[in-house]
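Counting convention: from 1, in listed order, for ligands and their atoms alike.
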Amino acid sequence: MSDYKIPKINLTKLAKHSNSWVPLCNEVRHALEEHGYFIALYEDANNKISKEIFDVMEELFDLPIETKRKNTSDIYFYRYKGQLLTAPLHESFGIPHPTDAEALQSFTTLMWPQGNQRFCETMTSYIKVGAEIEQLVDKMVFESYGLPKKHYESHVAATTYLLRPTKYRAAPAGAEDGIGNVGSNIHTDKGFSAVLFQNQINALQIETKSGEWIPIDVPPSAFVFVAGDAYEAWSNGRIYSPRHQVLMKEDKERYTLALFTFNKGITDIPEELVDETHPIQYKPFDNFDLVMYYSTGASPMAYGTAKPYCGINAQ
Ligand SMILES: O=C(O)CCC(=O)C(=O)O
Ligand SMILES: [Fe+2]
């Protein structure tokens, strides 16, 4: 591997008026423009995320298959996925609007009609921290671009969350790399952002702009912030939505909690992000329609959807 350095940014105890705020905003923006992701260290989360988080995930995935399949939705990413031919190690759920206590409760009741208070409380401990990180990062990106406040306010008003608890089984012994050990096939994310929190099993790989695959070594209790296709389009192509995949190399199962954001309504490309060196590249777009476009097979899984869906002069 080249001398590539995984971007790591410490977001701990960031006071908006401290001297480090502006340089750190620039560092966050730079990481997302150059790498499309960064490892977020966020010690404010210490002791906030319940120690039982991966225990309740195990309990969720141990439910009978008929129960798990009750997690349905018209939206592709919002439902249970498992027993996939192309990613046999993968299983995941979609919990829409998890920041809303009632929505989380309704998922919980669907899975455990008798109730499961521990699941709700434990998940909430992650959702709060994940949303805090996502909001902080977005604020930093918008500020770093010097955008008028109204842009950030309308972005916040349009943000919706989706939590995907995901389990990857360990690959069978002797599994071939990229075939038998696939946890997630090569893809880009279709929303604005993903905040990932994993048990201590590494398996995520992210592609650099120059086509190199980097295995992401995530320090314990750190997060990975990944930009998606909607962030790329919104930023007029400045932010990079990296291709990534999950390849299971250790003989232990892996759990990830992925908190995604998708914007509702029409997202405009801020005119401040268009200039001579960055001519307009994307049309205003509907993030959920982009998801629909992708899920009906109009653009291949292994590539970004921003360009084909709302790119100007798309090929
Ligand atoms: O499990 C991970 O680390 C990544 C998951 C992922 O890429 C996704 O759910 O879109
Ligand atoms: Fe992803």
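The angle subtended at the Fe ion (ligand 2) by NE2 of His187 and OD1 of Asp189 is 90°, given to the nearest 10°.
Between Trp234 and Phe142, a ring centre-to-centre spacing shorter than 6.0 Å is recorded. A centroid separation of less than 6.0 Å is found between the aromatic rings of Tyr4 and His35. Aromatic pair Phe197/Phe54: centroids less than 6.0 angstrom apart.
Both the sub-6.0 Å distance and the 45° axial angle are satisfied by Lys307 relative to the ring of Tyr282. With Phe61 as the aromatic partner, Lys68 does not meet the cation-pi criteria of under 6.0 angstrom to the ring centre and within 45 degrees of the ring axis.
Protein residues lining ligand 1, listed by chain and number: Tyr168, His187, Asp189, Leu196, Leu204, His244, Val246, Arg254, Thr256, Phe260 [non-hydrogen atoms, distance under 4.0 Å].
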Would you give me the side-chain donor-acceptor pairs under 3.5 Å for residues 96-106, sequence neighbours excluded?
{"unit_1": "Asp100", "atom_1": "OD1", "unit_2": "Glu102", "atom_2": "N", "d": "3.0"}
{"unit_1": "Gln105", "atom_1": "NE2", "unit_2": "Thr109", "atom_2": "OG1", "d": "3.4"}

